[in-house]
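Written out below as structure tokens is the structure these notes cover.
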Amino acid sequence: MFGRGNWAVYGLGKDSLETFVTSLEDRAVMVAASQLAASAITRYSSVDTVGINPFSGPRLDEEHPLAPEQEPELAGYSTSEPDERAAHTLSAEILDCEGYGVTEAQFRLHATMPWYGLWAVSNEWKDVSDLSSIKEQRSYRLMERPYKFLQAGDKKNIDQDTLGINAPVRKQVPVLLDFNDGRVYIESTGKQLLQMITVRLRLLGLDIFPVAWTYRGRANWPSEILNRLYEKTQYQSDFQKRADEASRFKPSEIEKLEDKEVESIVRSFFSMTQLASDLWIGISGPAQILLHDASPPIGVKAPTSATTLLNVTSEARVLSGSITFQEHISGTTKKGEEYTFRKDLLTIALNDRINFTDVGAAMLRGFGIPSFKKDILREIKYTKQVPSIDRFWGTWLHEMSNGVRMIEAAFRELLDLDGNQEAGILPMPVATPTAPTKEPAVEVLVV
């Protein structure tokens, strides 16, 4: 988090806030949903699980672990049916353990805004040994030759006698809940992990529903937006000149422009367009260029390569690319000298994978807030104080939510949509009503 990454976006029912807060205050609910319980289940049942930790304690379960003799009780409790749980009271050593998050305060990111954060921890039961090296060792000792030189029958015997070492493999991703905008943000692109996380969150009372980037009647709208930007680009002659120079000279031999602002643009982008809102959007690589309808797309990284390809044929167009939103800022120094500079506000990859329909999520691929770290460090420099962890998380969520609104507004403008047309991240139509989530014995955490 806090850098460039890939985020899955889901819809969040604002009315589920009260139920969610009630769950956060219930020790019996939270210990069963915790990473403390999930890791115990993985070890004792050899299954994949997902548990949660509060945002300020990514490995809270390891800081305050349970005694080994208490783990079987917690694992059994967490995988039992709800009615069985109601009849069972966990020992005080488990309920009072500090190795799991409980109470709203441990998950809330802002005193007045309904923002929450947590870590979703995946525990995968898998072979962590290097089986190839084990096979090679046995082949040397038993057959006195490398494994690749064995006969098929000998290889089969070695394979059958080779046993690996299974252990939990841990991976965790940040999850942000914005009840103000009705959005859930999960930093992951893994289909199974996203499904397991959403199941886990629903069991805490959250109303999570599928959404998608939607511009009705525009089947290829990502490419349409990119080409509308390219058609209106400024600095076209500068881009072309730099592409010509790149075809004739080595990078070290290309003379930089005296205008540092323009030099920065042609070095990083192959298109730079000003919107009516005064924001600027630049297109850079990695990108895909289509020379004509019958040809396969060509992948490029260097901006000069994209410029060259787009001038090969009159039909050439942009299929995908990374876009950067910029703000053009001007000011005056203490000496009265005027200056201008460009501030990168956010980045996002725009392509045909912007929706992950298999899991019902809109995607923010390659999403980043380039100035986030600099702005925080500048604040620390002037205030002489380091913000609290919830401030880091809350500020990121705030700027990411603002960024999504900025993207939605810019896309609406570029596609010439009026205010009455629904567009942006919208709920996906569901054919049949979703049945109420029932918590089964082991399927609570296991997929």
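All values below were derived from every heavy atom in this structure, side-chain atoms included, with hydrogens, water molecules and symmetry-related copies excluded. Here, residue 1 is the first one in the sequence, and each next residue gets the next number.
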Subject >> Any D181 side-chain heavy atom under 4.5 Å of N402 side chain >> reply: no
Original post:
Considering only heavy atoms from C-beta outward, does the side chain of F107 approach that of M30 to under 4.5 Å?
Top reply: yes
**OP:** May I have all residue pairs that pass side-chain hydrogen bond (donor to acceptor under 3.5 Å, both in side chains) and include part of residues 17-29, sequence neighbours excluded?
**Re:** R27-Y100
Determine, for [X] against [Y], whether the closest basic-nitrogen to carboxylate-oxygen distance falls under 4.0 angstrom.
X: D244; Y: K241; value: no
X: E408; Y: R412; value: no
X: E245; Y: R242; value: yes
X: K232; Y: E413; value: no
X: E124; Y: K171; value: no

Original post:
Taking atom types as modelled and ignoring hydrogens, do the side chains of D358 and Q195 form a donor-acceptor contact shorter than 3.5 angstrom?
Top reply: no
Subject >> T42-T49 side chain donor-acceptor pair, cut-off 3.5 Å >> reply: yes
**OP:** Would you please name every residue forming a ring-ring contact (aromatic ring centres under 6.0 Å, His included) with W125, sequence neighbours left out?
**Re:** none
Could you give the side-chain donor-acceptor pairs of residues 50-58 under 3.5 Å, partners two or more places apart or in another chain?
| unit_1 | atom_1 | unit_2 | atom_2 | d |
| --- | --- | --- | --- | --- |
| N53 | ND2 | P58 | O | 3.0 |
| N53 | ND2 | D61 | OD1 | 3.0 |

Would you please classify the geometry between the [Y] ring and the [X] ring as parallel, tilted or perpendicular, with 30° and 60° separating the classes?
X: W280; Y: Y235; result: tilted
X: Y215; Y: W213; result: parallel
X: F270; Y: Y230; result: tilted

**OP:** For residues Y116 and F20, establish whether the separation of their ring centroids is below 6.0 Å.
**Re:** yes
Original post:
Is D416 atom CG crowded by more than 12 heavy atoms from other residues, nucleotides or ligands, each under 6.0 Å away?
Top reply: yes
